[in-house]
Structure formats: structure tokens, C-alpha cells
Amino acid sequence: MNSNITIGIVVGSTRPQRRGGIVADWVQQVAEAHGATVELLDLAAFDLPMLDEPSPAVRGDYTRPHTLRWAAAVAGCDAFVFVVPEYNHSFPAAVKNAIDYLFAEWKDKAAGLVGYGVQGGVRAVEALRPVLAEVGIADVRTQVCVNLMTDFVLTGPTDVGRIVPAGHQEPTLRRMLDEVVAWAGALRGLRAPA
Ligand SMILES: Cc1cc2nc3c(=O)[nH]c(=O)nc-3n(C[C@H](O)[C@H](O)[C@H](O)COP(=O)(O)O)c2cc1C
């Protein structure tokens with residue numbers, strides 16, 4: 001795998017007691033063991049308020065310190081893996097807000113999607129794809145759907161639990177990462193030097 005491609009793992013849930021950190025840790029471990037260079041972009045740590053920039057992101061006139069911090073982190077990545085839970089048949093508002101803050105930093109980069117939820121987060125992943133397209137992110141076909149009923153061990157509905165992925169999950173994640181890195185390498189030629 002091309003380790004010159006930096007993959008930002010976007011942790012898409014921000015609530016206390018979230019399972020997002022557990023899923024993102026698994027993604028990071030598998031990616032690093034596969035030879036990928038990864039960086040964690042934890043939305044809880046960036047703590048972005050609801051979009052408060054006067055100009056639309058497409059103009060690039062960022063004024064707020066939190067926007068500049070977020071923009072620098074995203075600009076430093078060639079590709080992304082979005083780790084998103086399913087909330088009410090979609091992805092969390094925090095993810096949409098974080099995407100809306102930027103434009104050029106996303107454009108002509110590749111992404112893979114990891115959903116999780118009671119039914120694998122499939123609807124969160126499908127809802128995210130058209131949003132990524134609008135900011136110029138090329139999202140690969142292979143997706144990972146972590147099912148809380150079969151890929152987690154939970155002792156009850158409020159237990160954060162631990163991830164025990166079914167046998168097919170790791171090879172699927174590796175295949176998705178291969179696609180992301182291949183597309184990110186191809187897209188580099190389209191991007192102006194940073
Ligand atoms: C606001 C909210 C809405 C949810 N809606 C769904 C849903 O529509 N479908 C689903 O499969 N799970 C749903 N769930 C369950 C979550 O997918 C599950 O709790 C998951 O752990 C949430 O990710 P997090 O722990 O990282 O926040 C919902 C959870 C929350 C908090």
C-alpha cells in the first residue's frame with residue numbers, strides 16, 4: 001500500500017458514551033497493519049459550533065479560528081474514511097456541519113465509508129454519498145457496515161460494549177482502503193500543490 005497517502009479517519013459521532021471511538025480505533029488498527037498512513041480527525045475534539053462563517057466555504061474566506069484549525073487538518077489529508085453511525089436513518093448532524101465548513105480542502109480527494117448501527121448503518125452511508133459528491137469527494141464502492149447486533153458484544157442497550165467484527169469485515173475494510181488509496185493517488189494529479 002502507498003504510505004505516502006495520508007488517510008484522515010473522520011470520527012463522526014460526538015456524544016459522550018459513543019461507540020464511534022471503538023469503531024474508529026478498529027479502522028485505525030486494521031489500516032495501520034495494512035500499511036496505511038492514517039490520522040484521526042475526531043469531530044468531538046474539533047468541537048465545531050454550528051456553521052458560523054459569514055461566507056460560503058466555496059469562497060475560502062475563512063475567518064474563525066476553529067475553521068482554520070479544521071481546514072488545516074483536512075488539507076493535510078489525501079483521502080478520508082468517514083466513520084458514521086446511523087441517527088434517524090441518516091448520518092449525524094455533526095458530520096454535515098463539519099463538511100459544510102470547507103470546500104477546497106475536500107475537493108478531488110477520495111473517501112471510503114464505514115457505517116455502524118442496529119442494521120449496520122447502511123442508511124447513514126447512503127445518505128452521506130451525495131453530500132460527499134457535492135464537495136468533490138470521490139467515494140469508493142466498497143463500504144463497511146458494522147452491525148451492533150452481530151459485530152459488537154453488548155450486555156444491554158446502554159452498554160457501549162466492544163467490537164468483535166464478523167470474519168468478513170476485516171477483508172472488506174482492507175479492500176475498501178486499497179480502493180481509497182488507489183483513487184487518492186490518481187486524484188493527486190488534479191489538485192493544485194498545497
Ligand atoms: C439520535 C439517535 C438516533 C438513532 N437512530 C438510529 C437509526 O435510525 N437506525 C439505527 O440502526 N440505529 C440508530 N441509533 C442507534 C445508533 O446507531 C447506535 O446507538 C450507535 O452506537 C450510535 O453511534 P455513537 O454511539 O457513536 O453515537 C440511533 C442512536 C441515536 C443516538
Side-chain angles (χ1 to χ4, degrees), residues 7-34 36 38-52 66 69-70 73-74 77 79-102 106 111-135 137 139-174 176-177 180:
I7 304 175
I9 300 174
V10 179
V11 188
S13 71
T14 55
R15 67 185 185 96
Q17 306 293 326
R18 63 183 181 175
R19 297 193 178 95
I22 296 171
V23 181
D25 283 350
W26 170 68
V27 170
Q28 180 171 8
Q29 279 167 26
V30 173
E32 285 177 343
H34 197 46
V38 300
E39 186 139 333
L40 218 53
L41 303 179
D42 185 348
L43 295 188
F46 281 92
D47 199 20
L48 293 165
M50 290 302 280
L51 181 61
D52 61 354
H66 50 259
R69 216 166 34 244
W70 177 231
V74 172
C77 298
F80 307 96
V81 171
F82 286 86
V83 177
V84 288
E86 184 168 311
Y87 285 178
N88 295 320
H89 287 201
S90 188
F91 57 89
V95 176
K96 182 65 164 54
N97 190 49
I99 292 170
D100 292 346
Y101 259 99
L102 308 178
W106 298 121
L113 292 93
V114 176
Y116 59 99
V118 181
Q119 284 127 7
V122 183
R123 289 167 293 232
V125 165
E126 290 303 312
L128 185 51
R129 288 187 186 278
V131 176
L132 299 183
E134 183 55 20
V135 293
I137 291 179
D139 49 311
V140 301
R141 176 173 182 269
T142 300
Q143 64 191 44
V144 177
C145 295
V146 175
N147 190 311
L148 295 180
M149 298 294 118
T150 54
D151 298 307
F152 258 75
V153 174
L154 305 170
T155 55
T158 56
D159 177 27
V160 175
R162 60 193 169 87
I163 190 167
V164 184
H168 68 281
Q169 297 286 23
E170 215 175 293
T172 305
L173 175 54
R174 284 197 294 266
M176 190 189 81
L177 291 164
V180 167

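One-based numbering, in listed order, for ligands and for the atoms of each.
- Against a heavy-atom cut-off of under 4.0 Å, Ser13 is close to the following atoms of ligand 1: 24 (P), 26 (O), 27 (O).
- Scanning the protein heavy atoms around atom 5 (N) of ligand 1, the nearest turns out to be Asn88 N, 2.8 Å.
- Between Val118 and ligand 1, an N or O atom pair is found at a separation short of 3.5 Å.
- The shortest heavy-atom contact between Ala44 and Thr14 is N-CG2, 3.8 Å.
- Considering backbone and side-chain atoms together, Tyr87 places an N or O closer than 3.5 Å to an N or O of ligand 1.
- Nearest protein heavy-atom neighbour of atom 18 (C) of ligand 1: Leu148 CD1, 3.5 Å.
- Taking every heavy atom of Gly117 and a limit of under 4.0 angstrom, the matching atoms of ligand 1 come to 11 (O), 17 (O).
- Under a 4.0 Å criterion applied to the non-hydrogen atoms of Gln119, ligand 1 contributes the atoms 11 (O).
- Aromatic ring orientation, Trp106 versus Phe80: perpendicular (interplanar angle above 60°, classes split at 30° and 60°).
- Of all protein heavy atoms, the one closest to atom 9 (N) of ligand 1 is Glu86 OE2, 2.9 Å.
- Taking His66 as the reference, Tyr101 meet the ring pair (Phe, Tyr, Trp, His ring centres under 6.0 Å) condition, with sequence neighbours excluded.
- By the neighbour-count criterion of 12 heavy atoms within 6.0 Å, atom CD of Glu32 is densely surrounded, having more than that number from other residues, nucleotides or ligands.
- The environment of CZ in Arg162 is sparse: at most 12 heavy-atom neighbours from other residues, nucleotides or ligands sit within 6.0 Å.
- The Pro85 neighbourhood of ligand 1 comprises atoms 22 (C), 23 (O), with distances under 4.0 Å to a heavy atom of that residue.
- For the residue pair Ile22 and Gly161, the shortest heavy atom distance occurs at CD1-O, 3.4 Å.
- Listed here is the closest heavy atom pair of Val11 and Ala24: CG2-CB, 3.8 Å.
- With ligand atoms numbered from 1 in the order given, ligand 1 contributes 26 (O) to contacts under 4.0 Å with heavy atoms of Gly20.
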Identify all side-chain donor-acceptor contacts of residues 144-155 below 3.5 Å with residues at least two apart in sequence or on another chain.
unit_1	atom_1	unit_2	atom_2	d
Asn147	OD1	Met149	N	2.7
Asp151	OD1	Ala166	N	2.9
Asp151	OD2	Asn147	N	2.8
Asp151	OD2	Gln169	NE2	2.9
Thr155	OG1	Asp159	OD2	2.9

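- For His89, heavy-atom contacts with ligand 1 shorter than 4.0 Å involve the backbone as well as the side chain.
- If you number the atoms of ligand 1 from 1 as listed, the ones under 4.0 Å from a heavy atom of Arg19 come out as 18 (C), 19 (O), 20 (C), 21 (O), 24 (P), 25 (O), 26 (O).
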